[in-house]
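In what follows, a single structure is set out as structure tokens and then discussed.
Each chain gets a letter, A, B and so on, in the order the sequences are listed, and its residues count up from 1.
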Protein chains: 2
Amino acid sequence: MLTRSEEDHLKAVHALLGDGGRASTNNVAERLGTKASSVTVMLKKLAEKGLLSHAPYYGVKLTAKGKAAALKLVRKHRLWETFLVERLGFAWDEVHEVAEQLEHVRSEKLTDSLAEYLGDPAFDPHGDPIPDRNGRLALRDLHPLVAATEGQRVRIAAVKDGSDALLHLLGRKGIGIGKLLVVKAHQEFDRSMELEDTAGNRISLSAQVAGHLWVESAPATKQRKG
Amino acid sequence: MLTRSEEDHLKAVHALLGDGGRASTNNVAERLGTKASSVTVMLKKLAEKGLLSHAPYYGVKLTAKGKAAALKLVRKHRLWETFLVERLGFAWDEVHEVAEQLEHVRSEKLTDSLAEYLGDPAFDPHGDPIPDRNGRLALRDLHPLVAATEGQRVRIAAVKDGSDALLHLLGRKGIGIGKLLVVKAHQEFDRSMELEDTAGNRISLSAQVAGHLWVESAPATKQRKG
DNA sequence: ACCTATTTTTAGTTGCATCTAATTTAATTG
DNA sequence: CAATTAAATTAGATGCAACTAAAAATAGGT
Ligand SMILES: [Mn+2]
Ligand SMILES: [Mn+2]
Ligand SMILES: [Mn+2]
Ligand SMILES: [Mn+2]
């Protein structure tokens, strides 16, 4: 049985490794708002419990057991986010903090009932995939928006590493998951992008904002969502 | 800001006092599955924070602030129970433990959105009243089932202090909140009761079980629920 | 290859929530 | 009303999760 703190550390390690990155002690500490020394102690404890292997001064690697446990937490976090947005009417920039608490509620039945209630969603409100009961993730062919060429039609598919402030800004600009856009221009000067939505509205995104957006190529004919 | 343990102690004190009873250190400890010495320490802390007054060796009384905080917790607990039963399909004997966790999730917006989503219910799955935003409870005229006279029509309105095992048993006997029953007989010998439902099925309840049930008198003509 | 800056770990401390054991206070009863 | 019993509190210990400060190990630059 993991404590709440152990769960948060495990999830942080998983998230950092998942980005192809390395889960350094400092990285984890920064993500959790604690200090490196505290993280070292927790990593030792997680290693003790067989969730990861820890080579002091080198780094950390999740075991199969650790990976499975982390995916369960990710599943719970994203299911709750989905519930908050789709059922309770939260904005997508208001859910993270609450889901951060809800993910620790312990009940297999709760998680599975919630998933079923929501229609076993494959993606959360930020476009992140929701692991299924067995930890499997839906696969998609995503591209960074900033790599899209002028004239290309794209559909917003995910916001990666989006702070609440970024999400709020995007919301105000009318950008959400599923939104169809046409790339109008890449500005050489500041690498900002000009886009146009299906209603003909112009949307300008700074390089910093656009860099967080991932898209699917959108066939000109078919269309899923406004 | 209260810790989870402080919240649980406050809620226990409120529940024990509410039954007209006294919230003795031992009562609280038993309710929480801890020891009296631990409770003393927590009561001192809650008194420190202005939620209750504690006269050592005498007893404890909630302040207005403490009462309000306790009612908020009760509200959250019962709203979650309602959600679990009405939306996620939990049985009424499966929700307490999970709600015991969910009640500690901190978010005003979550509580209010959940209440609204559920249609601002006034009673939880066990027939207990759900405090509104301002801590107000719906009033009803309830009577103990064991005081009902032979031939009387009653509607099950609440199960008081029901363990999960009791709730499960009642469920198996087909008894739930809103159920209409006619009292057929009180057995002198063991104080058990014979009842009949609207479909003509006979239900026999031991004194121990019947003692937990509270009813409204049911007018012979009008009828709310099967 | 050595020195230095950075990262990580270890050691020792604090606050919290529990426990057991000892003490104190209150209640009961002969 | 004194003695006994029961209840509550205090004292001291433990485990957890954090911290700061000190030590150790690694990585880079000359
Ligand atoms: Mn969390
Ligand atoms: Mn998300
Ligand atoms: Mn609780
Ligand atoms: Mn209830």
Report task. Would you name the heavy atoms of A69(A) and L10(A) that are closest together and state the gap between them? Result -> CB-CD2, 3.6 Å
What is the distance from [atom1] of [X] to [atom2] of [N], rounded to the nearest Å?
| X | N | atom1 | atom2 | answer |
| --- | --- | --- | --- | --- |
| L32(B) | dA17(C) | CG | P | 13 Å |
| N27(B) | dT9(D) | CG | P | 12 Å |
| K35(A) | dC19(D) | NZ | P | 6 Å |
| L2(B) | dC16(C) | CG | P | 13 Å |
| H104(A) | dA17(D) | NE2 | P | 12 Å |
| N26(B) | dA6(D) | CG | C1' | 9 Å |

**Report entry** Residues N26(A) and S24(A): side-chain donor-acceptor under 3.5 angstrom
**Finding:** no
Query raised in the report: Side chains of S192(B) and Q187(B): do they bring a donor and an acceptor to under 3.5 Å?
Result: no
Report task. Assign each of S38(B) and E6(A) to its nearest nucleotide of DNA chain D by heavy atoms, then name whichever residue's nucleotide is nearer the 5' end. Result -> S38(B)
What nucleic acid atoms does [X] come within less than 4.0 Å of, heavy atoms only: base, sugar-phosphate, or nothing?
| X | answer |
| --- | --- |
| T25(A) | sugar-phosphate |
| R22(B) | sugar-phosphate |
| T34(B) | sugar-phosphate |

**Report entry** Parallel, tilted or perpendicular, as decided by the 30° and 60° cut-offs, for the rings of W80(A) and W80(B)
**Finding:** perpendicular
Report task. Indicate the ring-plane relationship of Y117(A) and F83(B), choosing parallel, tilted or perpendicular according to the 30° and 60° boundaries. Result -> perpendicular
Report task. Give the C-alpha distance, both sets of side-chain angles, the deciding distance and a yes or no for side-chain hydrogen bond (donor to acceptor under 3.5 Å, both in side chains) between D8(B) and H104(B). Result -> CA-CA 9 Å; D8(B) 281 333; H104(B) 301 289; 3.0 Å; yes
Report summary line: Side-chain atoms of S37(B) come closest, of dC19(D), dT10(D), dT7(C), to dT10(D)
Requested in this report: When you get a sec, tell me which of dA17(D), dA8(D), dT8(C) is the closest nucleotide to the side chain of T3(A)?
Outcome: dA17(D)
Report task. Return the residues of residues 41-60 of chain A meeting this criterion: a heavy atom under 4.0 Å from some atom of DNA chain D. Order them by number, or give none. Result -> K45(A), Y57(A), Y58(A)
Query - Aromatic ring proximity, centroids under 6.0 angstrom, H77(A) and H96(A) - result: yes
